[in-house]
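Each chain gets a letter, A, B and so on, in the order the sequences are listed, and its residues count up from 1. Keep in mind that what you see is a predicted model, and the values were worked out from it rather than measured.
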Amino acid sequence: MTYHHPSTLARAALVLFVLAIGLAAVVSWPASPARAQEPTPSDNQVNAVAKQLYCPVCENVPLDVCPTQACAQWRQTIREKLTAGWSEQEIKNYFVEQYGARVLAAPPPRGLSLLVYLLPPLAFVVGGYIVYRAVRTWRRAARPRASPPPAAEDEYARRIEEELRRRE
Amino acid sequence: MSDTPAPPLPAPRARNLGRLLLWSGLAALMALVGFGLYRTQAGPVSSGPAPDFTLITFDGETIHLADLKGQVVVVNFWASWCKPCEEEAATLEAGWQKYRDQGVSFLGVDYVDTEPEARAYLTRFGITYPNGPDLGTRISQAFRIRGVPETYFIDRQGTLVRVKIGPIDMNELQSILDPLVTP
């Protein structure tokens with residue numbers, strides 16, 4: 001039979017307590033730096049927003065591929081906003097507020113910009129109608145005549161036949 | 001052989017109305033495109049009444065150009081990413097210090113820029129006259145600027161009297177401002 005002296009038990013309990021505290025600290029330790037370090041948006045995430053924007057300085061060059069310093073600053077702004085938890089739409093709204101609606105790759109369907117959305121389908125419909133009319137006209141022109149030849153032509157044929165008979 | 005009769009054509013009056021509408025629409029569209037092209041190609045506003053605008057500075061002050069009537073106003077468009085702007089930054093600050101007591105206001109309009117870099121630029125060049133972002137690029141569109149730097153000079157009556165495209169030096173600044181501040 002083993003006998004445990006009370007002081008030995010107390011020491012064992014103390015050691016266990018210290019181990020438990022240490023284990024708890026080890027388990028919880030990785031969580032602290034993860035909370036402190038904000039997730040950094042990747043270049044792909046930044047470019048996903050940037051490609052929907054155009055810098056007015058570099059016309060016709062989407063922000064994600066624009067090489068100027070101004071565009072680099074804009075991309076950095078997008079990165080900061082994404083890091084701060086802004087949504088894609090919130091970032092686009094911010095850029096419109098700061099630099100105007102012309103920074104958007106797809107202009108909002110308001111005012112004159114509405115024409116951008118209306119004209120192409122309208123032109124398609126009108127063009128289709130013109131083609132339909134043209135094809136119908138061509139088909140009508142190409143259709144063989146079912147009506148008898150005019151009387152003058154008939155008379156001409158009759159006279160030729162009569163002349164040929166006379167020569168036989 | 002059967003001959004299917006063609007569907008009846010629209011009445012001439014309806015056809016004419018359709019054509020009229022079509023051509024009118026096309027003419028309106030062409031006019032719109034032409035007007036847009038004209039505005040794009042027109043270049044900066046260089047004379048006449050200066051376009052009115054409101055500038056909210058980086059310090060939160062709101063400045064209306066109309067409120068500055070009676071003063072000579074120098075409106076400078078710049079950006080932190082603009083290298084030629086750096087050439088004139090010190091000149092503009094020196095001009096502000098020289099003419100501020102002679103009824104001249106300087107306003108800096110930060111064009112298509114990001115605020116941290118713009119503030120750093122102002123600190124770097126020690127610029128103290130009011131500066132603010134061109135929110136929505138409304139001011140630059142009103143002046144129809146083509147780039148930065150551009151500087152506009154407005155006399156005491158609110159008339160645009162001179163436009164400087166590109167960086168300005170002290171001699172040119174003085175040659176423009178001296179006649180304007182002379183009573």
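Among B/Leu29, B/Asp113, B/Val148, the residue with the largest count of heavy-atom pairs under 4.5 Å with chain A is B/Asp113.
Per the SG-SG cut-off, A/Cys55 and A/Cys58 are not bridged by a disulfide [distance not under 2.5 Å].
If you measure heavy-atom distances from B/Glu115 to chain A, you find no contacts under 4.5 Å at all. Looking at A/Val103, there are no atoms closer than 4.5 Å to chain B (heavy atoms on both sides), in backbone or side chain. For A/Arg139, no part lies near chain B; criterion is any non-hydrogen pair under 4.5 Å. Both the backbone and the side chain of A/Gln98 come within contact range of chain B, judged by heavy atoms closer than 4.5 Å.
Under the 4.0 Å criterion applied to side-chain N and carboxylate O atoms, A/Arg166 and A/Glu162 are assigned as salt-bridge partners.
Classification of the B/Trp96-B/Tyr129 ring pair by plane angle, with boundaries at 30° and 60°, yields perpendicular.
Counted by atom type alone, B/Glu117 and B/Thr114 present one or more donor-acceptor pairs between their side chains at under 3.5 Å.
With a 4.5 Å cut-off on side-chain heavy atoms, B/Leu107 and B/Phe53 count as touching.
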